[in-house]
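Remarks on the structure that follows.
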Amino acid sequence: MADSETRVVRTTVWSPGPGCHGGCGAKLYVKDGRLVKVEGDEDHPFNQGRACPRLLALTQYVYHPERLLYPMKRVGARGEGKWERITWDEALDTIEKKLKDIRDEYGPESVLFCQGTGRDIGGPISFLAYSYGSPNWVQLGLAGQSCYTPRLAAMSVTFGDFAVLDAGQFFVERYESKEWQPPKCIIIWAQNPMSGCPDAFQGHWIVECMKRGSELIVIDPRWTWFASRSKYFLQIRPGTDGALALGMINVIINEGLYDKEFVEQWTYGFDALKERVKEFTPERVSAITWVPADLIIAAARFYASSKPAAIHWGLPVDQCPEGTTVAQAITHLWCLTGNLDVPGGNVIARASHNVTTYPFDSHQLLSLYGEELVKKLSEKRIGAQRYGMVRNFRGWAQPDMAIEQILTGDPYPIKAAWIQTTNILGGQAADLRKHYEALKKLDFIVAADTFMNPTIMALADIVLPVATFAEKESFRSWWAPLSVVVPAVKVGECRSDWEINLELARRFNPEGIPWKTVKELINERLKPSGKTFDELAAQGSWEMPPEGHPSRPYRRYEKGLLRPDGKPGFRTPTGKVEFYSKTLEEWGLDPLPYYEEPPESEVRTPELFKKYPLIMATGRRSPVYFHAEHRMIPWLREIDPDPIIEINTSTAKEMGIEDGEWVWIENDRGRIKRKARVTPIIHPKVVMVPHGWWLPETEGKEPYLYGIWEYNCNLLIPIGTQGKSGFGGGAYKTTLCRIRKMEKGEV
Ligand SMILES: Nc1nc2c(c(=O)[nH]1)N[C@H]1C(S)=C(S)[C@@H](COP(=O)(O)OP(=O)(O)OC[C@H]3O[C@@H](n4cnc5c(=O)[nH]c(N)nc54)[C@H](O)[C@@H]3O)O[C@H]1N2
Ligand SMILES: Nc1nc2c(c(=O)[nH]1)N[C@H]1C(S)=C(S)[C@@H](COP(=O)(O)OP(=O)(O)OC[C@H]3O[C@@H](n4cnc5c(=O)[nH]c(N)nc54)[C@H](O)[C@@H]3O)O[C@H]1N2
Ligand SMILES: [Mo]
């Protein structure tokens with residue numbers, strides 16, 4: 001409880017601080033201008049009072065002695081660690097001048113605007129990139145753009161929207177809502193809901209469904225908490241999910257278990273799909289995936305005969321070879337079974353109240369920036385000439401090609417990088433060495449962050465200190481509810497991403513940017529909701545879409561709420577759910593889903609497999625860390641202190657490795673060290689290596705760079721293995737390696 005001098009600010013959690021994709025409601029307790037305590041907001045339907053460890057440790061983050069508090073410029077050579085405090089005016093003037101000079105000499109496309117995962121950054125960074133004139137907004141280092149974009153693309157081409165498991169999240173009363181119904185079956189497909197925070201529904205949304213009768217199918221190479229409570233656990237070979245999905249479709253179609261009425265009335269291309277999946281018999285799929293054929297059949301039957309049923313999927317889907325097509329096959333499962341936009345199925349999730357915070361697709365880009373600019377940008381965007389999907393979907397530059405282009409200068413030179421919300425060398429980039437070498441060649445690099453990290457230390461010329469969510473104004477409509485981020489405290493000279501980017505956007509494009517303050521900009525974007533920032537803040541920071549609104553479920557395809565022309569159906573070329581995608585066909589891609597082997601595997605590269613007989617799957621999430629963040633936060637580090645590798649008990653025994661011993665992980669790209677966690681939960685032929693490890697407590701200067709060369713598993717992972725769409729793939733879950741116990745005297 002708050003005493004008389006303590007103020008409570010109800011706000012929305014998004015990004016700096018917990019780091020995550022956000023959405024939770026929080027209560028920030030402020031005393032004498034200082035944040036003293038944080039709790040989950042029990043009135044907020046998203047998290048109903050719950051809070052993750054990173055939110056609970058927020059005071060340690062906000063007031064950490066190492067926090068960046070003022071702008072700095074580099075005074076020694078790159079990597080020497082010599083920095084000098086400067087004013088915001090000097091920082092912004094320098095950035096403006098340097099970037100304008102580069103624009104004059106090489107064109108705006110020669111600057112990369114690099115972000116990390118989709119936090120509260122898509123809006124501000126794309127706004128800045130377009131205001132400057134660069135098409136090259138990129139998640140640099142994320143091989144195959146393989147995080148959520150492949151899934152979004154697959155859903156968009158199939159039914160013109162995107163959908164998520166329905167756990168009642170569109171209703172204030174949640175599980176008590178009369179409109180909602182719990183799924184009878186939930187497939188947790190390549191997800192780790194206990195650790196993944198809002199993306200993974202903090203686990204508890206699924207637990208709440210289970211309390212109301214949901215039974216689980218879990219598809220994972222690792223026995224997760226949910227796997228241990230599942231009806232069917234399919235312990236799959238990493239990277240083969242595409243084959244499994246096609247095999248399940250095969251069973252569902254052959255046994256007539258699909259929703260005939262829905263398929264008949266609302267879909268296109270069923271016969272072509274039926275033909276395509278013929279070769280994916282349970283026996284063949286079993287040989288590919290390691291999952292026994294009878295389990296594949298049982299899981300397919302149980303999913304298709306449970307009404308309603310929902311699929312909750314995760315990142316490894318995108319990181320399968322050709323991730324987009326894998327996501328397409330899984331999307332087909334819920335469409336075939338009539339589980340799209342029904343209570344307890346996969347519910348369409350639109351931007352709340354039609355408020356958009358950033359330009360996802362080409363329609364939104366057009367309305368925000370005008371046809372001329374968008375056309376020009378699309379032509380120059382890295383990868384747009386090669387990939388129809390990169391040209392037409394979401395506006396991202398292709399990361400694997402972007403890094404090559406820095407090295408080759410072909411078809412045009414890259415001269416500078418703006419780095420905001422990403423630690424490229426700390427965890428985002430596959431092929432760490434290549435990214436390090438390429439980025440070193442750039443003439444000018446700015447980074448905006450809350451803490452020093454290996455990327456900034458090695459590369460930045462100017463560093464800008466960024467406000468946490470507790471210190472900033474922002475807004476969020478990444479599905480319901482519509483929410484605002486309300487500032488509670490001020491720390492050092494930190495500024496928010498919106499503040500920084502608005503100021504620079506005005507300098508780069510003085511005529512085009514009418515807003516003087518961030519609040520004016522937010523209020524403009526909030527207009528479709530009829531509410532202002534202050535009104536939303538005063539009502540507790542959020543609001544659900546009203547009844548009848550297209551951003552509120554269910555069965556909107558029947559009501560004509562999905563298509564721009566107001567007719568029933570879907571926002572696709574045929575107006576139907578497309579099993580055979582006309583859009584993919586137009587982009588020069590296979591219109592139907594197919595299977596591709598991982599780039600390195602027992603099947604595809606048997607010689608390499610002899611040398612490196614273990615599959616290194618990386619990056620299963622830790623609840624106390626967000627990627628490469630939080631290693632300096634005492635409460636969090638205490639819970640998960642070491643860079644580990646999970647090795648199956650029998651595999652470890654064969655190799656004479658004991659729990660807690662240090663091992664080398666090696667392949668042709670190099671070697672790193674990890675502490676062995678010997679455990680039965682991981683498949684014997686797979687090792688699981690958490691990503692994002694650097695040690696903020698060690699030497700930051702070159703060449704050590706906080707230990708990235710010793711601990712960052714991305715040193716071993718290749719780039720350039722993207723799918724034919726340009727999206728998806730990468731080898732984050734399927735790189736071959738061998739492990740070896742570290743001998744006495746080895747360090
Ligand atoms: N081996 C392996 N590597 C992986 C993955 C894997 O599974 N395995 N996963 C990949 C995936 S899916 C992703 S999305 C990427 C993520 O990669 P990144 O997004 O680069 O990961 P973070 O470590 O969270 O880096 C974010 C940086 O931005 C800062 N930051 C956080 N929030 C904000 C903010 O709002 N504003 C600003 N200005 N700064 C902020 C943090 O302090 C941190 O330094 O990593 C990828 N890397
Ligand atoms: N606490 C915390 N939460 C996070 C993040 C974080 O860093 N920390 N990162 C955020 C980001 S950007 C993302 S993209 C999400 C990612 O989070 P998730 O989507 O959950 O992805 P992962 O944690 O990589 O893996 C999930 C599960 O898939 C299994 N798996 C690995 N390879 C395969 C495979 O090939 N097939 C199948 N079927 N399963 C496989 C792993 O064993 C693991 O149990 O989490 C987000 N949430
Ligand atoms: Mo991600």
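These numbers come from the heavy atoms of this one structure, side chains and all, not from hydrogens, waters or symmetry mates. Because the structure is a prediction, the values reported are computed rather than measured. Numbering of ligands and ligand atoms starts at 1, following listing order.
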Have a look at H312 and tell me which of W189, W205, F201 forms a ring pair (Phe, Tyr, Trp, His ring centres under 6.0 Å) with it.
F201

In Å, rounded to the nearest 0.5 Å, how long is the span from CG of L165 to CD of Q191?
10.0 Å

Of the backbone atoms (N, CA, C, O) and the side-chain heavy atoms from C-beta on, which set of I717 has a member under 4.0 Å from an atom of ligand 1: side chain, backbone, both, or neither?
side chain

Would you check the N or O atoms of T422, main chain and side chain alike, for any that come under 3.5 Å of an N or O of ligand 1?
yes

Any donor-acceptor pair under 3.5 Å linking the side-chain atoms of T117 with those of H21?
yes

Please report whether ligand 1 has a polar contact with Y732, defined as an N or O pair separated by less than 3.5 Å (distance criterion only).
no

Taking a cutoff of less than 4.0 Å between a non-hydrogen atom of the residue and any ligand atom, is Q139 in contact with ligand 1?
yes

contact_flag Q319 ligand 2 heavy-atom lt 4.0 Å:
no

One thing to verify: whether E471 and R67 come together as a salt bridge, which I'm taking to mean a side-chain N less than 4.0 angstrom from a carboxylate O.
yes

Tell me whether ligand 1 is touched by G19 - counting only heavy atoms on the residue side and a distance under 4.0 Å.
no

May I ask you to identify, for D497, whether its side chain, its backbone, both or neither come under 4.0 Å of ligand 1 on a heavy-atom basis?
side chain

Which residue owns the protein heavy atom closest to atom 14 (S) of ligand 2, what's the atom, and how far is it?
C147 SG, 3.2 Å

Examine the proximity of ligand 1 to R621 and report which part, side chain or backbone, both or neither, has a heavy atom under 4.0 Å away.
side chain

If you measure from each non-hydrogen atom of C713 to ligand 1, which part falls under 4.0 Å: side chain, backbone, both or neither?
side chain

Relative to atom 21 (O) of ligand 2, which among I682, D318, L315 owns the nearest non-hydrogen atom?
L315

Assign the ring pair H691 / H627 to parallel, tilted or perpendicular, where the plane angle (0 to 90°) is split at 30° and 60°.
perpendicular

With a 4.5 Å limit on heavy-atom distance, are the side chains of S601 and T734 in contact?
no

Proximal atoms of ligand 2 relative to T224 (non-hydrogen, under 4.0 Å):
44 (O)

At under 4.0 Å between heavy atoms, which part of H691 makes contact with ligand 1: side chain, backbone, both or neither?
side chain

Where does the angle between the aromatic ring planes of W418 and F113 fall among parallel (under 30°), tilted (30 to 60°) and perpendicular (over 60°)?
tilted

Kindly identify the option in P221, C197, C320 whose heavy atom sits closest to atom 3 (N) of ligand 2.
C197

We want to know whether Q139 and Q145 form a side-chain donor-acceptor pair, criterion being a heavy-atom distance below 3.5 angstrom.
yes

Under 3.5 Å, is there a donor-acceptor pair between the N501 and Q420 side chains?
yes

Measuring from the heavy atoms of A448, does anything fall under 4.0 Å of ligand 1?
yes

Side-chain donor-acceptor contact under 3.5 Å, T450 with Y61:
yes

Going by distance alone, is a donor N or O of one side chain under 3.5 Å from an acceptor N or O of the other, for N423 and T455?
yes

What protein heavy atom sits nearest atom 43 (C) of ligand 2, and how far off is it?
D220 OD2, 3.3 Å

Return a yes/no value for D120: is any of its N or O atoms, backbone included, closer than 3.5 angstrom to an N or O of ligand 1?
no

Looking at ligand 1, is there an atom of it that comes within less than 4.0 Å of some heavy atom belonging to G427?
yes

Which label fits W479 and F46: parallel for a plane angle under 30°, tilted from 30 to 60°, or perpendicular past 60°?
tilted

Looking only at distances, can you tell me whether any N or O atom of A628, backbone or side chain, sits closer than 3.5 Å to an N or O atom of ligand 1?
yes

Heavy-atom gap N453 to ligand 1 smaller than 4.0 Å:
yes

Is it true that W137 and Q115 share a donor-acceptor pair across their side chains at a distance under 3.5 Å?
yes

Among E629, H630, H21, H683, closest by any non-hydrogen atom to atom 11 (C) of ligand 2:
H21

For ligand 1, is any non-hydrogen atom under 4.0 Å from L142's backbone (N, CA, C, O), its side chain (CB onward), both, or neither?
side chain

If you count every heavy atom of other residues, nucleotides or ligands that lies below 6.0 Å from R677 atom CZ, does the total exceed 12?
no

Nitrogen or oxygen of I236 less than 3.5 angstrom from that of ligand 2:
no

Evaluate T117 for polar contact with ligand 2, using N/O atom pairs at a separation under 3.5 Å.
no

Out of R119, R67, R495, M452, indicate the one that has the non-hydrogen atom closest to atom 26 (C) of ligand 1.
R119

What part of A190, side chain, backbone, both or neither, has a heavy atom within less than 4.0 angstrom of ligand 2?
both

Answer with yes or no whether S195 contacts ligand 2, where contact means a heavy atom under 4.0 Å from a ligand atom.
yes

Mutual orientation of the aromatic rings belonging to F162 and Y148 [parallel < 30°, tilted 30-60°, perpendicular > 60°]:
perpendicular

Can you tell me if F451 contacts ligand 1 (heavy atom of the residue under 4.0 Å from the ligand)?
no

For R237, is the nearest heavy atom under 4.0 Å from an atom of ligand 2?
no

Give me the residue, atom name and distance of the protein heavy atom closest to atom 25 (O) of ligand 1.
N423 N, 3.4 Å

Using a 6.0 Å distance limit plus a 45 degree cone around the ring axis, check whether R119 lies over the aromatic ring of W14.
no

Just need the protein heavy atom nearest to atom 1 (N) of ligand 1, so name the residue and atom and give the distance.
N714 OD1, 2.6 Å

Mark the output for M688 as yes if a heavy-atom distance to ligand 2 is under 4.0 Å, and as no if none is.
yes

So is K733 touching ligand 1 or not, going by heavy atoms under 4.0 Å?
yes

Looking at K675, R674, R222, which hits salt bridge (charged side-chain N to carboxylate O under 4.0 Å, His left out) with E646?
R222

I'd like to know whether ligand 2 has S622 as a neighbour, heavy-atom separation below 4.0 Å.
yes

Under 3.5 Å: N/O of V466 near N/O of ligand 1:
no

